[in-house]
Structure formats: structure tokens, C-alpha cells
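See structure below.
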Amino acid sequence: MAPTARNVPAALTFKGKIMIIVTGATGQLGRLVIASLLKTTPAAHIVAAVRDVARAADLAAQGVQVRRADYDDAASLDSAFAGATKLLLISSNELGRRVPQHRAVIDAAARARVGLFVYTSVLRADSSQLSLAGEHRETEALIRASGLRYSLLRNGWYVENYTAGLGGALAHGALAGGAGEGRIAAAARAEYAEAAAIVLSGAHPVQQVYELAGDTRFTLAELAAELSRQSGKQVPFHNLPRQEYREMLLGVGLPAPLAELISDADAAAAKGALDDDGHALGKLLGHPTITLADAVRAAL
Ligand SMILES: NC(=O)c1ccc[n+]([C@@H]2O[C@H](COP(=O)([O-])OP(=O)(O)OC[C@H]3O[C@@H](n4cnc5c(N)ncnc54)[C@H](OP(=O)(O)O)[C@@H]3O)[C@@H](O)[C@H]2O)c1
């Protein structure tokens, strides 16, 4: 059922209207969240809060309100969040700067008296061995301390993190990685976006914490085997120790912080940091998440 001013609690409406704000709306996840929201929510009730409004012209053309919101500019956040009843903070991609940026968003949301604050965190943020989880832990603590009503979407890995590299693996005749025998419960970015839209649209009672991960739990050797099967070319998996994998990523031109992040993530994945058997994402969506075969097919 599409949310209207009639079927949501009064605290989640503003002057009788729902106003859902999505930050980072010109990013990959943000665009998918808006697209998913538009299936159930009138465009006039959706605000795309973006750094560069010129890049959101296509969203404006669909009737979505576009407002400038830069995490580094508190005044822009205050005007962007005016009238917000629900807000999705899509975690920033500026690693190392995320805590002050997210704090600015949380503070502005509290000033705007947002009725529900939703945040894209990381799987098991409270105990995760991923080094990037530290900023998510700090952000979650700020959200809890803010007094805002909140929901934490602890997202597992996007399957695209791995399938984006399959072309290169085919070209080189091997899939390199550092996750060893670790299983990765990944789902499509679009599925995490759909989950965010469901939580924002109020179709279900909202939980404070969702541990969201894919139903398919694959190893990188299984990914390589599926790639081999579909391409008809033998592409073995080569597991590399963390430093060697980092050097390899640097060698193919990745910037140092990204090479560090990816090699750290794979090392943590080898110990189970990206695995999950809870199926909470599929249950929230009401359908199983993408299979490994379909993810590889989509990438090829
Ligand atoms: N679960 C996973 O596997 C996974 C993988 C990668 C990243 N992530 C996390 O999930 C987030 C969303 O993923 P994604 O694929 O959508 O990443 P993305 O395409 O890089 O999007 C990041 C968004 O953050 C916005 N942003 C960065 N600095 C900002 C600032 N100062 N003010 C306002 N907005 C700012 C960017 O704005 P612009 O559009 O203006 O650039 C962009 O829209 C990432 O930022 C990262 O924290 C998760």
C-alpha cells in the first residue's frame, strides 16, 4: 500500500504530508533508492538531497524535489531538511572524513525534528572486523545519542563489488582476491536500495537494526567457477596474501586508499566478516536476493 498522510502516524507527516529526504541521491545507491521509492510514493513527497543539483536534473524532471545538501556545509543541510518527516543518510564515500560529515547530517536532522532517521551502515557494525566499520560504529553511536527515532540498515557487500572486476579477470585468465575460503553473502545494490525504500515508505513496522545481506553465500573460488561456466573459458581463483593483493591492486592503477580498503575487506571476509545466514534482506524484500549465476550473467 502506498503511504499517504492517512496511513502513517502523525509524527511522520509534516502539515499532513510525508516528505522523504534521500541524501547522496546522485550516487549509485541513492538513484536506485529514489527509483524504488517512486514505485510507491508520489514524486512530490520525495526530496533528492544532493551536492550538485545540476546532476539531478533527471530526478527533477520526474517531479522529485531537488535540494542542495553538502555534508560539509551545515547551512545547506538546514535548508535541505526543512519539513522532512523521514530522512535516509546514505553514508559518505569520503573515507576518513565520514564521522564529521555524518555528525553534521544527524545534527541538522535533529534540528529539523525528522520523524525517522535511516542510515546505511555496514553488516554487524558493532563487531565487524572490517576497518571501514569504525566510522559506521561512531556514526551509529551519534545517531543513538541524538534522540532521533532511527533505523540502521547494516548493509552487507554489494555483489557488484566483485562482479565489476569479472571483465578484468576474463582478460587476465584468473580471478585474484584475498578472501580465501570466506563466504560472501552479497546482494545487488538495487536490492539494498529496495530495502531502504521499503523502510522509508512505512510499508512495514520499522526495526531499529537490520542486518542485511544476500541469500547467496559464495566463495571467490565459486565465483570464478561460475564465471568459467558462463564464459566457456577457464578462469581459476588465485588467493593472495593481504599485502600481495594490495600490491596487485596498486599495480593495476587503484588509488592507495581503495587498494587498502579492498585488501582489508577481503582479509576480513576470509574470517567471515561478509558472511551472514540470517536472510533478513530477502525477508524484508519478500523475495530471494540475486543468485550468483544471475549476478555473473548481469555483469557479463
Ligand atoms: N555495501 C557495500 O558494498 C558498499 C560498497 C561501496 C560503498 N558503500 C557505502 O555505501 C555508500 C553508498 O554506496 P554507493 O554505491 O551509492 O556509493 P557512491 O556512488 O560513491 O555514492 C556516494 C554518495 O555520497 C555522496 N557524497 C560524498 N560526499 C558528500 C558530501 N560532502 N555531501 C553530500 N554528499 C556527498 C556522493 O555525492 P555525489 O553524487 O555528488 O558524488 C554520492 O552521492 C558509499 O558512500 C559507501 O559509504 C557500501
Side-chain angles (χ1 to χ4, degrees), residues 27-29 31-32 93 122-123 128-132 155-195 212-282 285 287-300:
Q28 299 170 89
L29 183 70
R31 284 189 176 281
L32 292 166
N93 56 7
V122 73
L123 189 65
S128 175
Q129 293 188 38
L130 294 165
S131 66
L132 60 80
N155 291 344
W157 240 220
Y158 304 150
V159 75
E160 290 88 346
N161 295 350
Y162 287 109
T163 57
L166 294 185
L170 265 181
H172 290 99
L175 177 75
E181 293 297 305
R183 291 202 169 273
I184 297 147
R189 188 186 267 106
E191 292 172 326
Y192 293 103
E194 192 185 339
L212 300 177
D215 294 323
T216 307
R217 306 161 56 227
F218 59 87
T219 62
L220 294 188
E222 288 167 356
L223 174 61
E226 184 59 32
L227 175 62
S228 305
R229 194 181 68 78
Q230 290 194 27
S231 67
K233 187 177 167 189
Q234 276 313 305
V235 184
F237 169 53
H238 286 173
N239 192 53
L240 299 174
R242 179 179 165 159
Q243 283 314 322
E244 224 173 288
Y245 185 38
R246 184 176 167 278
E247 295 301 321
M248 193 220 86
L249 294 170
L250 288 171
V252 296
L254 261 64
L258 194 55
E260 179 59 34
L261 185 147
I262 293 173
S263 54
D264 171 80
D266 261 23
K271 298 177 197 155
L274 299 178
D275 193 13
D276 181 76
D277 200 17
H279 302 274
L281 178 57
L285 301 182
H287 61 78
T289 63
I290 193 165
T291 62
L292 182 59
D294 283 346
V296 170
R297 199 167 295 118
L300 292 182

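Since the structure is predicted, the reported quantities are computational estimates derived from the model, not experimental observations.
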(request) Please report the C-alpha distance between Leu123 and Leu130 in whole Å, then the side-chain angles of each, then the deciding distance to 0.1 Å, and finally whether the side chain to side chain contact (heavy atoms under 4.5 Å, CB included) criterion is met. (result) CA-CA 10 Å; Leu123 189 65; Leu130 294 165; over 6 Å; no
Show every donor-acceptor pair shorter than 3.5 Å between a side-chain atom in residues 174-184 and any protein atom, with sequence neighbours excluded, or say none if there are none.
unit_1, atom_1, unit_2, atom_2, d
Arg183, NH1, Arg217, O, 2.7
Arg183, NH1, Glu222, OE1, 2.9
Arg183, NH1, Glu222, OE2, 3.4
Arg183, NH2, Glu222, OE2, 3.0

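- Between His238 and Met248, every side-chain heavy-atom pair lies at or beyond the 4.5 Å cut-off.
- We find the NE2-CG distance between His279 and Leu285 to be 13.0 Å, quoted to the nearest 0.5 Å.
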Side-chain donor-acceptor contacts of residues 249-263 below 3.5 Å, not counting sequence neighbours, with atom names and distances?
unit_1, atom_1, unit_2, atom_2, d
Glu260, OE1, Arg246, NE, 2.9
Glu260, OE2, Arg242, NH2, 2.5
Ser263, OG, Ala259, O, 2.7
Ser263, OG, Glu260, O, 3.2

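- For the residue pair Gln243 / Glu247, no side-chain donor-acceptor distance below 3.5 Å is found, with atom types taken as modelled.
- Judged purely by atom type and a 3.5 angstrom limit, Glu226 has no side-chain atom pairing as donor or acceptor with the backbone of Val296.
- A donor-acceptor pair is defined here as one N or O able to donate and one able to accept, closer than 3.5 Å; such a pair exists between the side chain of Ser228 and the backbone of Val235.
- Nearest heavy atom pair, residue Gly214 against residue Ala187, reads CA-CB, 3.8 Å.
- Dense packing is recorded around NE2 of His287, with more than 12 heavy atoms of other residues, nucleotides or ligands lying under 6.0 Å away.
- Using a distance-only test at 3.5 Å, with no hydrogens or angles considered, no donor-acceptor pair links the side chain of Thr289 to the main chain of Ala213.
- The shortest side-chain heavy-atom distance between Asp266 and Leu240 does not fall under the 4.5 Å cut-off.
- Surrounding NZ of Lys233 are more than 12 heavy atoms belonging to other residues, nucleotides or ligands, all under 6.0 Å away.
- Residue Leu166 comes nearest to Ala299 through the heavy atom pair CD1-CB, 4.3 Å, listed as atom of the first residue, atom of the second, then distance.
- A 4.5 Å side-chain heavy-atom check between Asp215 and Leu281 finds every atom pair outside the cut-off.
- Listed for the Tyr192 side chain is a donor-acceptor partner under 3.5 Å among the backbone atoms of Trp157.
- In this structure, Thr219 and Phe237 have side chains that are not in contact, with every pair of non-hydrogen atoms separated by 4.5 Å or more.
- For Asp276, the salt bridge (Lys or Arg N to Asp or Glu O under 4.0 Å) partners are Arg124, not counting sequence neighbours.
- Closest approach of Ala295 to Thr163, counting heavy atoms only: O-CG2, 3.9 Å.
- A heavy-atom distance below 4.5 Å is found between the side chains of Leu227 and Leu170.
- Not one N or O on the side chain of Glu244 forms a donor-acceptor pair closer than 3.5 Å with the backbone of Pro241.
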(request) Take Leu292 and Leu223, measure what side chain to side chain contact (heavy atoms under 4.5 Å, CB included) needs, and give me the verdict at the end. (result) CA-CA 7 Å; Leu292 182 59; Leu223 174 61; 3.7 Å; yes
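- No side-chain heavy atom of Arg189 sits less than 4.5 Å from a side-chain heavy atom of Arg31.
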